[in-house]
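The basis for the numbers below is simple: all heavy atoms, side chains too, and nothing from hydrogens, waters or symmetry mates. Values in this document were obtained by computation on a predicted structure and should not be read as measured data. Chain identifiers are assigned alphabetically (A, B, ...) following the order of the sequence lines, protein sequences preceding nucleic acid strands; residue numbering begins at 1 within each chain.
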Protein chains: 2
Amino acid sequence: MNIVIKQRLLLEHLNYVIKGISNKNLIPILGCIKFSLEKDGLYLMSTDNDIAIKSFIPNNQIEKIEVLGEFVVSGKYIYEIIRKLPNELITIEEIVDSKIFISTENSKFNLNCNLIADFPNLDFEENKNSIALDVLVFKKMINQIIFATSTQESRPVLTGINFKIESNILECTATDSYRLAKKTIELDGEYENVNIIIPAKNILEISKMLSETGTLSIHIFNNKIIFNFDNIKVISRLINGTFPDTNKLIPIDSKENIILNLNSLYEAVDRASLLTNETEKNPVKIKIEKNLLIVSSNIPEIGNVEEKIIINNEISTSIEIAFSAKYMLDALKAFACEEIKILYNGDLKPLIIKNNEEDTLTQLILPIRTY
Amino acid sequence: MNIVIKQRLLLEHLNYVIKGISNKNLIPILGCIKFSLEKDGLYLMSTDNDIAIKSFIPNNQIEKIEVLGEFVVSGKYIYEIIRKLPNELITIEEIVDSKIFISTENSKFNLNCNLIADFPNLDFEENKNSIALDVLVFKKMINQIIFATSTQESRPVLTGINFKIESNILECTATDSYRLAKKTIELDGEYENVNIIIPAKNILEISKMLSETGTLSIHIFNNKIIFNFDNIKVISRLINGTFPDTNKLIPIDSKENIILNLNSLYEAVDRASLLTNETEKNPVKIKIEKNLLIVSSNIPEIGNVEEKIIINNEISTSIEIAFSAKYMLDALKAFACEEIKILYNGDLKPLIIKNNEEDTLTQLILPIRTY
């Protein structure tokens, strides 16, 4: 193999595949990147057995291709070397079977390679039925729900995001069993039913790789999902198991709808959160009488706080409900609107939060019993 | 005590005094801020017994002063509360001896106070002989030498910066015994001899507090030093002991002077550092023949690197010297010039690095024996 390529171009693609390598990996080959120089261009690949990434640089962007071939080399080292080389043309040559030579005008690196045969076989072949999504719509959706996934491995299905497609509706749900976030997106066509769970960690990596424009195509298999955008393909494993049927948890009706300014509530809860103690499950309280909402909290040895908000409608019930400040702030951060609507069904029933103008995002928080 | 003050103004001053509080402190009173409302304005004070900070807001900047008085309150809580309050007028009142009430239009905080008598007595009284320094000159000097201080408590004097004044010359030195950084500054007048050691941690905090313009005045006592700038005073303790006489270590002559481009050397050593292993004391090597300098390093199981630099003069000796990549990069970062001069006295003698144009900054690195 012998290639001459621009430093910036190679680095841009290494920036993608480096995300497929886990630093914690004890198996050396899973810390490697595979370079495959084929007739059509250079393929870079990496995997930690949980996620696999393939990036492609077409031959018309490469300065010189002399001998086709492939090698497997430590991802950490090749990435750092290319990153620190000047923005010039870089030559990469295989000098003997197990060594590569990287050079620019003033720099010469010899790197030992790993065995090609040891690198996992990755099947990036796509199936015919792909789902197309705008990358920005996808990124926004992930940011609006991913925080609600669980980080505890005791219930693996809750560490993933549930992707459900029925005809032309994609419904994505995340829950850690104390709170839930759900977003629905209308798709451009009709699709077969899908109900899968994708690891949140992988979805987050993919979301970070996406640029701000373009289309993401999604290919779903029995045991994996392939995401395809620009010249990049990412495979994620799926989580086995059945995601809880969360639609039963979300009440359709509500006793009271509380309509108020998103920012006012966020800032009041944020300040009240100063006098709570997450480790001791010290909640924030909301009291509503007519159109006056009071957010309060206290740590007896430190002090207490009361925040006043005038809500935009009048409530006929006396409401007094307690909840985790962190969960409320996480949920409110998912909205970018003027007014929100909180659906109330009782002091010990889940609070539902929605944008007052549209209904595609649902945030649910379980209250905390304080007596 | 009863005061009405702009949120931003109070926060700006809390930003200073919060730096006098250590999070690790187990003694609650050392996590507190003392508010003293006097006729001339509001004084804020904090100390962790290592550093003490006093900030002053003159009465003409305060909206309303009704009752003079003082209280002592948890720094962490008052800081976060003021930080999160909206940019409005804030009222702070003492409601009973041991409680304060903080309020804006919609927010009401009650905070428990600590005993005023428990707060350490701090003497911010200045002496007559102050040394005046431009803040930017001071900040720059600290950045150029502070990295060379030791972090190991086994030799406490090396965890500080040596301040030495002789007539009109201030000489500041830091060393961890493997490397040394020294900067000299010409003062505006003649001063008495001074030779003290200031804890690096405190100097760094002070340096971060300084704005980009103005004058810093320094007052030196037997056991402490006071820094005064804008409306802020900072006391630091001094480290007891005798700082090594480092001038003996710095050779005046040199066998060879190597003159080369700063950036070229920095980038070459930075890349070569990728194939070194700090924990195993794996050094970077420099070989010079005539005007060709080669930086090299290797980790046998990974690979090796050679970097070529053409130097700006011709050397008559054959040089081969090894050193820590990290120490060299730290030393080079302290310069902001085109060309540096490396003073060489033998493969096992300290390397001295200077700006080729001026002589106020000296960086010294001990070589590593590789055989």
Side-chain angles (χ1 to χ4, degrees), chain A residues 28 31 73-74 76-88 95 98-114 261 263-276 292-310 329, chain B residues 28 31 73-74 76-88 95 98-114 261 263-276 292-310 329:
Chain A
V73 71
S74 158
K76 187 184 107 186
Y77 284 100
I78 189 95
Y79 175 75
E80 285 296 330
I81 289 168
I82 302 302
R83 193 171 73 83
K84 293 201 168 182
L85 280 172
N87 182 20
E88 292 174 11
I95 36 173
S98 58
K99 264 205 171 74
I100 54 163
F101 180 62
I102 304 165
S103 59
T104 63
E105 201 192 334
N106 292 317
S107 304
K108 293 174 187 173
F109 281 87
N110 284 295
L111 274 191
N112 298 333
C113 293
N114 292 58
N261 180 272
N263 263 340
S264 304
L265 182 61
Y266 184 89
E267 287 179 8
V269 175
D270 190 28
R271 282 192 289 268
S273 75
L274 292 173
L275 294 175
T276 63
L292 178 66
L293 183 152
I294 304 283
V295 181
S296 69
S297 68
N298 79 93
I299 305 179
E301 60 273 33
I302 308 290
N304 60 58
V305 48
E306 263 192 31
E307 293 277 341
K308 192 177 78 184
I309 300 170
I310 304 296
L329 294 174
Chain B
V73 71
S74 158
K76 186 184 108 186
Y77 283 101
I78 190 94
Y79 175 73
E80 285 296 329
I81 289 168
I82 301 302
R83 193 172 72 82
K84 293 200 170 185
L85 280 172
N87 182 20
E88 292 174 12
I95 35 174
S98 57
K99 264 206 170 76
I100 54 163
F101 180 61
I102 304 165
S103 58
T104 63
E105 200 193 335
N106 292 315
S107 303
K108 293 175 189 172
F109 281 87
N110 284 295
L111 274 191
N112 299 332
C113 293
N114 293 58
N261 180 272
N263 263 341
S264 303
L265 183 62
Y266 184 88
E267 286 180 9
V269 175
D270 190 30
R271 283 192 290 269
S273 75
L274 293 173
L275 294 175
T276 63
L292 180 64
L293 184 152
I294 303 282
V295 182
S296 70
S297 68
N298 80 92
I299 304 178
E301 58 274 32
I302 308 290
N304 59 60
V305 50
E306 262 191 34
E307 294 276 341
K308 193 178 76 185
I309 301 171
I310 304 297
L329 294 174

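Contact count against chain B (heavy-atom pairs under 4.5 Å) is highest for A:Asn304 among A:Leu111, A:Asn304, A:Ile309, A:Asn298.
The CG atom of A:Leu275 lies 11.0 Å from the CD atom of B:Glu80; values are rounded to the nearest 0.5 Å. Note that OG1 of A:Thr104 and CD of B:Glu307 are 6.5 Å apart. Values are rounded to the nearest 0.5 Å. The NZ atom of A:Lys76 sits 9.5 Å away from the CG atom of B:Leu274 when rounded to the nearest 0.5 Å.
Taking the salt bridge (charged side-chain N to carboxylate O under 4.0 Å, His left out) definition, one finds that A:Lys108 meets it with nothing, sequence neighbours left out.
The contact between B:Leu85 and chain A is made by backbone and side chain atoms together, counting heavy-atom distances below 4.5 Å.
Looking at B:Asn106, its side chain never comes within 3.5 Å of a backbone N or O of A:Ile310 through a donor-acceptor pair.
Exactly one residue among B:Lys308, B:Arg271, B:Glu306 makes a side chain to side chain donor-acceptor pair (under 3.5 Å) with A:Ser107. That residue is B:Arg271.
Counting all heavy atoms, side chain and backbone alike, B:Asn112 lies closest to A:Glu301 at ND2-O, 2.9 Å.
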